[in-house]
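A short worksheet on the structure shown next.
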Amino acid sequence: LQGNAQAQYTLGRKCITGKDRICDNDRSIALDWFQKAAESGHGAAQHELALAYQHGLGTPYDPMRALQWFTESATTNDHGNAQYHLGTLYYYGSCGVPQDYSMAHQWFLRASSNQHSSSSSRGAAQNSLGFLYQRGWGVGQDHHQALQWFIKAANNNNSNAQNQIGVYNKKGLGGLKVDYRMAFEWYSKSAKNGNSSGQCNLAWMYYDGNGTKQDYVKAMKWFLMAA
């Protein structure tokens, strides 16, 4: 064995991807490879190792080790997905981290502009920033800023953000005028993306005939999907 960290990480990924069912042994072997790569400073392997400890995948649940590896990956290696997950730890106050919306904001901000983040993690970070500004948690409440982050997240196909843009159009928030048609369009995107809140909001648009022709059959269809 040459000790190549990228090769070790790739072997770990091969153990847990491309399979219909992943057994504990597969995860355990993957964890061994991730551990080797992580100790050699591989940021993505450190992130995988942190997720394993956070969720008890192939190893006992260990929040302190999860925090250690998330932090190492996010800081030393500027790994965008780890930065997002570190933000969620502060957002929810998990893995032994005290709830701190200001710290969550800092990590979501880093992840949101990190071009090495996956589009889903970047979108999730942008959506989370939208919620922080919407609620005034860790930052001053600012619906205009919230909307701008929701738009960025929606462009990364985040279904929660698509639903929120619908809400902002329906209620006329963030500097927007009330626009039921635009609300309907955004709820539709969110609903078709599998978001239950978007599906429920779309159902109400059909039920009330707002932004679209009233259609009780379609309303019930979307209510049932959301349920």
Side-chain angles (χ1 to χ4, degrees), residues 5-6 8-10 12-13 16-17 30-31 33-59 61-140 142 145-162 164 193 195:
Q6 181 59 38
Q8 293 164 344
Y9 168 73
T10 301
R13 289 291 300 163
I16 58 173
T17 56
L31 194 68
W33 286 118
F34 290 145
Q35 184 79 42
K36 287 180 173 67
E39 289 173 353
S40 295
H42 195 284
Q46 293 166 344
H47 176 245
E48 290 287 353
L49 198 57
L51 289 172
Y53 284 122
Q54 183 185 21
H55 300 291
L57 301 174
T59 185
Y61 168 69
D62 192 329
M64 295 310 295
R65 284 190 177 183
L67 177 60
Q68 171 199 338
W69 286 113
F70 276 135
T71 304
E72 181 71 14
S73 179
T75 54
T76 304
N77 287 291
D78 195 36
H79 193 272
N81 294 3
Q83 290 166 350
Y84 165 67
H85 281 110
L86 199 53
T88 66
L89 298 189
Y90 283 104
Y91 187 93
Y92 293 108
S94 57
C95 284
V97 171
Q99 191 173 54
D100 187 329
Y101 293 126
S102 180
M103 285 295 294
H105 177 267
Q106 290 181 41
W107 284 112
F108 288 147
L109 198 58
R110 286 184 65 173
S112 72
S113 59
N114 191 324
Q115 295 306 306
H116 299 294
S117 301
S118 65
S119 60
S120 61
S121 284
R122 193 159 56 248
Q126 292 161 343
N127 178 65
S128 297
L129 285 166
F131 274 114
L132 290 176
Y133 280 105
Q134 183 186 68
R135 298 167 185 178
W137 292 351
V139 292
D142 187 330
Q145 276 272 40
L147 178 61
Q148 298 314 303
W149 284 113
F150 286 139
I151 290 171
K152 289 180 180 180
N155 288 334
N156 279 306
N157 204 36
N158 186 280
S159 64
N160 287 314
Q162 291 165 344
Q164 285 300 316
N193 216 357
N195 187 279

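All values below were derived from every heavy atom in this structure, side-chain atoms included, with hydrogens, water molecules and symmetry-related copies excluded. Being a predicted model, the structure only gives us computed values, none of them experimental.
Under the 3.5 Å distance criterion, the side-chain polar atoms of N81 are left unmatched by any main-chain donor or acceptor of H47. Checking side-chain atoms of S121 against main-chain N and O of S117 turns up no donor-acceptor pair under 3.5 Å.
Distance CG/L129 to CD/Q134: 12.5 Å, rounded to 0.5 Å. Note that the CG atom of N114 and the CG atom of D78 stand 4.5 Å from one another [nearest 0.5 Å]. Note that the CG atom of L86 and the CD atom of Q106 stand 10.5 Å from one another [nearest 0.5 Å]. Atom-to-atom distance recorded for Q8:CD and R13:CZ is 15.5 Å, nearest 0.5 angstrom. In this structure, CG in L51 is found 6.0 Å from CD in E48, a value given to the nearest 0.5 Å. Rounded to the nearest 0.5 angstrom, L132 CG and N127 CG are separated by 10.0 Å.
When every heavy atom of S112 is checked against every heavy atom of A125, the shortest pair comes out as N-CB, 4.0 Å. The two atoms that bring A30 and G12 nearest to each other are CB-O, 3.4 Å, heavy atoms only. Closest of all the heavy-atom pairs between Y9 and A37 is N-CB, 3.9 Å. For A82 against A74, the heavy-atom pair with the smallest separation is CB-N, 3.8 Å. When all heavy atoms are compared, the tightest approach of A66 to C95 is CB-SG, 4.2 Å. In this structure, A5 and S40 approach most closely via the heavy-atom pair CB-CB, 3.9 Å.
H105 and Y90 share no donor-acceptor pair across their side chains, judged by distance under 3.5 Å alone. Side-chain contact annotation: H42 with Q6, donor-acceptor N/O pair under 3.5 Å present. No side-chain donor from either of S159 and N193 sits under 3.5 Å from a side-chain acceptor of the other. With no hydrogens or angles considered, no side-chain donor-acceptor pair links Q126 and N158 at under 3.5 Å.
Between S128 and W149, the closest side-chain pair of non-hydrogen atoms is not below 4.5 Å. Looking at heavy atoms from C-beta onward, N157 lies out of side-chain contact with S119 at the 4.5 angstrom threshold. The shortest distance between side-chain heavy atoms of Q46 and N77 falls below 4.5 Å.
Not less than 6.0 angstrom separates the ring centroid of Y53 from the ring centroid of Y61. For H79 and H116, the gap between ring centers reaches or exceeds 6.0 Å. Aromatic ring centres of F150 and F131 lie closer together than 6.0 Å.
Under the rule for a side chain to side chain donor-acceptor pair (under 3.5 Å), D62 has no partner lying at least two apart in sequence or in another chain. Applying the salt bridge (charged side-chain N to carboxylate O under 4.0 Å, His left out) rule to D100 yields no partners; only residues at least two apart in sequence or on another chain are considered. Partners of T76 according to the side chain to side chain donor-acceptor pair (under 3.5 Å) rule, which considers only residues two or more places apart in sequence or in another chain, are E72.
Using bins of under 30°, 30° to 60° and over 60° for the plane-to-plane angle, the ring pair W137/Y91 lands in the tilted bin.
Screening Q54, R65, Q83 for a side-chain contact (heavy atoms from CB on, under 4.5 Å) with F70, the sole residue that qualifies is Q54.
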Checklist entry - Given the rule in the side-chain contact (heavy atoms from CB on, under 4.5 Å) test, do Y84 and F108 qualify, once you have shown the distances and angles that lead to the verdict? => result CA-CA 5 Å; Y84 165 67; F108 288 147; 3.6 Å; yes
